[in-house]
Amino acid sequence: MAFLEMVDIVKRYPGVLANNQVSLELERGEIHAVMGENGAGKSTLMSILYGMQSPDEGYIRLKGSTLFLQSPLDAIAHGIGMVHQAFKLFESLSVWENVVYRREPRRGIFIDGARARAQVEELAHRHGLPIDPRARVANLPVGVRQRLEILKALYREAEVLILDEPTAVLTPAEVATLFTVMKSLAAAGCSILLVTHKLNEVMAVSDRITVLRDGRVAARLVTADTDPDAIVRAMTGQQITLQMPKQPHQPGAVRLAAKDLSVEQYGRRVVDGVSLEVAGGEIVGIAGVAGNGQSELIEALMGLIPIARGSVMIEGRDVTRASVAEHRASGLGYIAEDRARTASAASASATDNLAMGFHRSPPLAVGGLLKPAEMRAWARSLIERFDIKIATVDTAVGTLSGGNLQKVVTARELAHNAPVLIAEQPTRGVDVGAIAFIHGELLKERERGHGILLVSAELSEILALADRILVMYEGRIVAEFARADADEAILGLYMAGGTRA
Amino acid sequence: MTIAVELRLQLRRRVGPLLPVIVAVAVGFGVCGLIALGVGFSPSLMFVQLIKGAVEGPQLFETVARAVPLVGMSLAAAIPLRAGIVNLGADGQLALGGCAAAIVALYLPAPDLVRLAMALTAGMLVGSCYAAVAAAGEIYAGVPLLLSTWLLTYPAKGFCGYLVRTSLRDPATAWPSTPRIAVGARLGHLFPGTPVNQGCLLIAAVAVVVIFIDRRSSAGFELRMRGLNERFARYGGVALNRQTLGVMLASGAIAGLVGAIMVLGSQFRYTDGALTAPQYSWSGTLAALLAGGEPLGSVIAAVLFAALQTGGFAMERSVEIPRVLTMVLQSVVILFLAMRGAIWKRS
């Protein structure tokens, strides 16, 4: 009998069968990857295991006894811990306070801070998770915050640790450290469920893989006996080429140029003297760990935030002080990084979301009046062209999976046929099928002679698409490479603030 | 999928969005019934008198007459609300609009009909410009509209009050007010013998235009998108500042028009405090909130509130149940609707 079993789990939502008789076995000390496209049922399955949802059918058995989890507190009491993609920490408190929260060692009615700090230090040391118990969470880098989340689970004596997309925000070096930690935890008897999209990580760190598709188990694989192509086949049910054929790099005229661009926020220079050019027919990648000024750079290029110094030209036109509408009119398309908060209105229909930006001119509007029939036809044509899975054009886009919502955003921005496209994290949290599709579309844009500025925290994405690569660190461009001269190691080094000695 | 499930899904899709409103109204009636019971009135008597007082015989015209300014003020609130902006200054725009209309109708040397038309126009213009002051404050100085619209109400009311106490004062009356406007420059009766005047048609026309713009124009589209997600609107290229200005101009114009209609159609003079005393802007804001800024819904809610209010007056007169209960009803309905975010998402 396995250490943890989820047996024939069924979970229905209105109109959707999220989990259809899903079974999963986890051995003690095993690193088990749970893979699947968005909407395949991974999140539902994990939220059932963590007590956030109760299954309609099926049961969970831990060490041979059946569990009825009412809440995450129940799950934690049974030794099941979870590190969410978005960390759940008190930023204004210190590391040790976050770790011992709700389980504080006490002396009388007071919290025994000294003992708590000692416990946290000992725990961190034992598991090879170096951290200063007195540090304020607000001052910690992302990688350390994640370490803290893991410590929180371990402090509650978690024997099963669920890691939800843990590497999404980490530098390559931090990823390597995380894998070391995972392996040592597993060696110490902790069982780990790794929820991820990333094939290379699964291959590097997992023992076994359960692949979900459309709410069912599509495959159970032993990592040592499988390869990435087999996993992709199981996830998508079809053959997908991960490597796209690419035409040789033949840059045309400069379409987007920023000169000595600086942005200041709260007295801090978040973008510091950035100069860059994007020519037609090329993809320029900006690599960097999230939070090094990429978002602010893009917002400044787009006219969303004021520019303190420097200039921006689009197609030879100075747009340094222009409005967003003028930027768009000059020929700039923009796939924003936050598809749900910025690039769409969740409660609005697909028709409305796809019409944004086209709603003032024919064919969607004539003389300031909308043409509802044209708007719906327009939405229908984009939905078809981009193979977006949506019930009707009137369906609110907030109901879509991440991949489909990203396709809605991509479809709209590409439909502008703008000579310059900014693609910011265009495939973050998106399933493999959609990634391949979106990458293909970006390459088509390049072949049309459009210039693309690609920002991604995903090195594999930058390396697969970009012709030139800029590395951003603390608001500055610290290195530039032609694609042929770049590899993961050297980019990772510059992303972490290092230089070639 | 079975037919029953399909039916249930259909029902949820059609009725689902309205369900919170229906439940809130039902709960409001329930609470008021209980209060009535608690203080010794019969709830059934109360509701019957309320409904009779709102729609029976001539009372129906009373309701319509009250609905005219209330619908107008609900639209003045709904337009900004659609974009997520709150105009709390409608009272000031209303007073200034009414006062301007009175001045033009009294003193413009022109034929009656021209005077009337100019008076209405002046009401709209002045209301509009005053609302634009608040918009400019937010755009250029960062003063939140919520604050500036509200605070600007007091100088507006004070200024009009000053005028009717000094240069515009009709010495023949005890209360500070202007002289009466000549019959020819007034809005005529729509149905003789009832309090309903031609302003009813003007507000109906405004409602139709607002609903049409909201649903069918590019500007209405941008307004809705901003209300749903302001970041998205900005990202999509909507010029938010210009939109704020436009929205406040439109909202202020409607509030000013309502003031002009009240002065030209039923009061025939500007009397200090008379336009704002019935608190139409307050009820109008509640109606717009009830409909989430959707204009047709706001109109319907405003008519309902007008019916409740006339019904409340009649009830108080005929069976001496205090009409404050109808205000309680309104408040409970709004409070329950405000809870929907928490309650309705859970299911």
Side-chain angles (χ1 to χ4, degrees), chain A residues 12 14-15 17 298-299 302-305 322-330 332-349 351-361 364-372 375 391-392 394-398 409 412-413 416 424, chain B residues 1-2 4-14 16-17 20 82-84 139 142 208-246 250 292-294 340-341 344-347:
Chain A
R12 296 181 194 90
L17 197 52
I298 298 306
E299 287 186 358
M302 195 63 205
L304 283 162
I305 54 174
S323 69
V324 179
E326 286 166 287
H327 279 74
R328 285 187 172 275
S330 309
L332 191 55
Y334 176 28
I335 300 172
E337 89 183 301
D338 195 334
R339 57 180 166 261
R341 238 161 58 83
T342 308
S344 68
S347 49
S349 65
T351 306
D352 285 347
N353 272 286
L354 289 167
M356 178 55 99
F358 300 93
H359 64 278
R360 282 206 170 271
S361 49
L364 299 198
V366 176
L369 294 183
L370 300 173
K371 298 268 173 200
M375 285 171 69
T392 70
D394 301 318
T395 307
V397 297
V409 173
R412 182 189 58 225
E413 295 305 320
H416 280 290
E424 201 179 9
Chain B
M1 200 181 295
T2 64
V5 172
E6 173 65 22
L7 260 176
R8 226 174 44 221
L9 279 178
Q10 278 289 329
L11 203 67
R12 190 176 299 173
R13 203 168 304 144
R14 297 273 158 85
R82 194 61 154 157
I139 294 167
V208 169
V209 169
V210 172
I211 292 167
F212 181 79
I213 288 177
D214 178 75
R215 299 198 174 171
R216 293 295 301 274
S217 76
S218 304
F221 176 84
E222 293 187 348
L223 210 59
R224 275 192 293 126
M225 288 305 123
R226 177 173 180 178
L228 294 175
N229 182 355
E230 186 167 313
R231 288 175 62 92
F232 176 55
R234 212 160 99 78
Y235 154 91
V238 176
L240 295 186
N241 284 342
R242 198 160 48 189
Q243 192 183 46
T244 303
L245 188 65
E294 200 282 313
R340 69 184 146 184
W344 301 97
K345 269 180 201 146
R346 224 173 279 162
S347 58

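These numbers come from a predicted model, not from an experiment. Labels below follow one simple rule: chain letters A, B, ... track the order of the sequence lines, proteins then strands, and each chain is numbered from 1.
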Non-hydrogen atoms of B/Leu228 and A/Ala345 that approach each other most closely: CB-CB, 4.1 Å
Winner by heavy-atom pair count (cut-off under 4.5 Å) against chain B, out of A/Ala325, A/Gly357, A/Ser323: A/Ala325
Heavy-atom cut-off 4.5 Å, strictly under: side chain, backbone, both or neither for B/Ala239 against chain A? neither
Side chain, backbone, both or neither: which part of A/Asn353 has a heavy atom under 4.5 Å from chain B? both
Student check: side-chain heavy atoms of A/Leu364 and B/Phe221 closer than 4.5 Å: no
Heavy-atom distance under 4.5 Å between the side chains of A/Ser344 and B/Asn229, does that happen here? no
A side-chain contact here means heavy atoms from C-beta on lying under 4.5 Å apart; do B/Arg215 and A/Pro372 qualify? no
Chain B heavy atoms under 4.5 Å from A/Val366: which part of the residue, side chain, backbone, both or neither? neither
Between the side chain of B/Tyr235 and the main-chain N/O of A/Tyr334, is any donor-acceptor distance below 3.5 Å? yes
Listed partners of A/Glu413 passing salt bridge (Lys or Arg N to Asp or Glu O under 4.0 Å), at least two apart: A/Arg328
Regarding B/Arg231 and A/Thr342, is there a side-chain donor-to-acceptor distance under 3.5 Å anywhere? yes
If I measure from the heavy atoms of chain B, does A/Ala340 come under 4.5 Å with its side chain, its backbone, both, or neither? backbone
Sort A/Ala355 into side chain, backbone, both or neither according to what part of it lies under 4.5 angstrom from a heavy atom of chain B. both
Which residues satisfy the salt bridge (Lys or Arg N to Asp or Glu O under 4.0 Å) test with A/Glu299, sequence neighbours excluded? none
Side chain / backbone / both / neither for B/Arg224 at chain A, heavy atoms under 4.5 Å: side chain
B/Met225 and A/His359, any side-chain heavy atoms less than 4.5 Å apart: no
Winner by heavy-atom pair count (cut-off under 4.5 Å) against chain B, out of A/His327, A/Met375, A/Arg341: A/Arg341
Closest heavy-atom pair, B/Ser218 versus A/Leu369, reported as atoms and distance to 0.1 Å, is OG-N, 4.3 Å
As an exercise: rank A/Gly367, A/Ala343, A/Ala365 by heavy-atom pairs under 4.5 Å with chain B and give me the winner. A/Ala343
